[in-house]
Amino acid sequence: MSLISTNLQAVRQQIVHAAQQADRSFTEIQLLAVSKNFGADAVFEAVKAGQTAFGENYVQEAVDKIAAVNRLIQQKSPGVTLDWHFIGPIQSNKTRLIAEHFSWVHSVERLKIAERLSAQRPSHLPPLNICLEINISEKETKSGIHISQTAELAQQVNALPNLRLRGLMAIPEPTGSVELQRSSYRQIRLLQAQLNHQGFDLDTLSMGMSADLDAAILEGSTIVRVGTAIFGKRNYDQ
Ligand SMILES: *Cc1c(COP(=O)(O)O)cnc(C)c1O
């Protein structure tokens, strides 16, 4: 077995265990393998181990990789289809490529970006699934919208024809304290409950990374975004 497939098994076990602790079914929790900074070969190793959903942060890197992975699949495992999720910061000149190549976007924080994604979504594809990124750190420099502005943006995104608003995403400040991890994610879960009470239909909480996925699952995460624990440490010098 390759290291990536061993790592994937371990992460799946961790999800099953955390779901048990949370008294939830592990089938409610989707594992998104975050493959940024890793190449098509690494993605294909994960595909061979049964992984079908991948998260990417950089548009051009992702578009090239998606094409390369599709070639590998055509040659070696025809019929497999993958779901690509965009999870990084979005520049407005990149929205067309995102709308064309991804099925989910987790990092929407501005109406203008949402409008472009909707307008540029190709008509032969289903609506683009959207999560709003919430800033729970209270630091202005962090990305994401403030909790108090979420309902308004949710309303506006809901009205766009080629988007489907699915839920909320958050990246809290890193901390080793499971209690602090949980209290950040709890805010997102409560925000989801509040919005659904107001009539929204949000079924997704994109919460949890390699270092805090247990806490996220305990607070109701439905998508965990895991990079390092699957692919190893990223090398940003390359
Ligand atoms: C890189 C990244 C991840 C994965 O983080 P790891 O700590 O490597 O698991 C998850 N979510 C987002 C938004 C990321 O940018």
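Numbering of ligands and ligand atoms starts at 1, following listing order.
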Enclosure of F26 CZ (heavy-atom neighbours >12, cutoff 6.0 Å): no
Heavy atoms from other residues, nucleotides or ligands near CZ of R24 exceed 12 (cutoff 6.0 Å):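 Yes, CZ of R24 has more than 12 neighbouring heavy atoms, counting only those of other groups under 6.0 Å.
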Non-hydrogen side-chain atoms of I113 and S92 separated by less than 4.5 Å: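 In contact.
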Interfacing atoms of ligand 1 (cut-off 4.0 Å, heavy-atom, [X]):
X	answer
I171	13 (C)
R225	4 (C), 9 (O), 10 (C), 11 (N), 12 (C), 13 (C)
T228	6 (P), 7 (O), 8 (O), 9 (O)
I87	11 (N), 12 (C), 13 (C), 14 (C)
G227	4 (C), 6 (P), 8 (O), 9 (O)
V226	9 (O)
N57	14 (C), 15 (O)

Proximity winner for atom 6 (P) of ligand 1, if only heavy atoms of S206, S210, S143, A33 are counted: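 The nearest heavy atom belongs to S210.
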Test of ring centre spacing under 6.0 Å for W84 and F102: no
Just distance, no hydrogens or angles: give the donor-acceptor pairs under 3.5 Å from side chains in residues 72-83, sequence neighbours left out.
from	atom 1	to	atom 2	distance (Å)
D83	OD1	S103	OG	3.0

The single option from L32, L168, L132, T204 passing side-chain contact (heavy atoms from CB on, under 4.5 Å) against H106: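 The passing option is L32.
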Any H106 heavy atom less than 4.0 Å from ligand 1: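 No; H106 lies far enough from ligand 1 that no heavy-atom distance drops under 4.0 Å.
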Gap between atom NZ of K48 and atom OG of S5 - 0.5 Å precision: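 NZ of K48 is found 9.0 Å from OG of S5.
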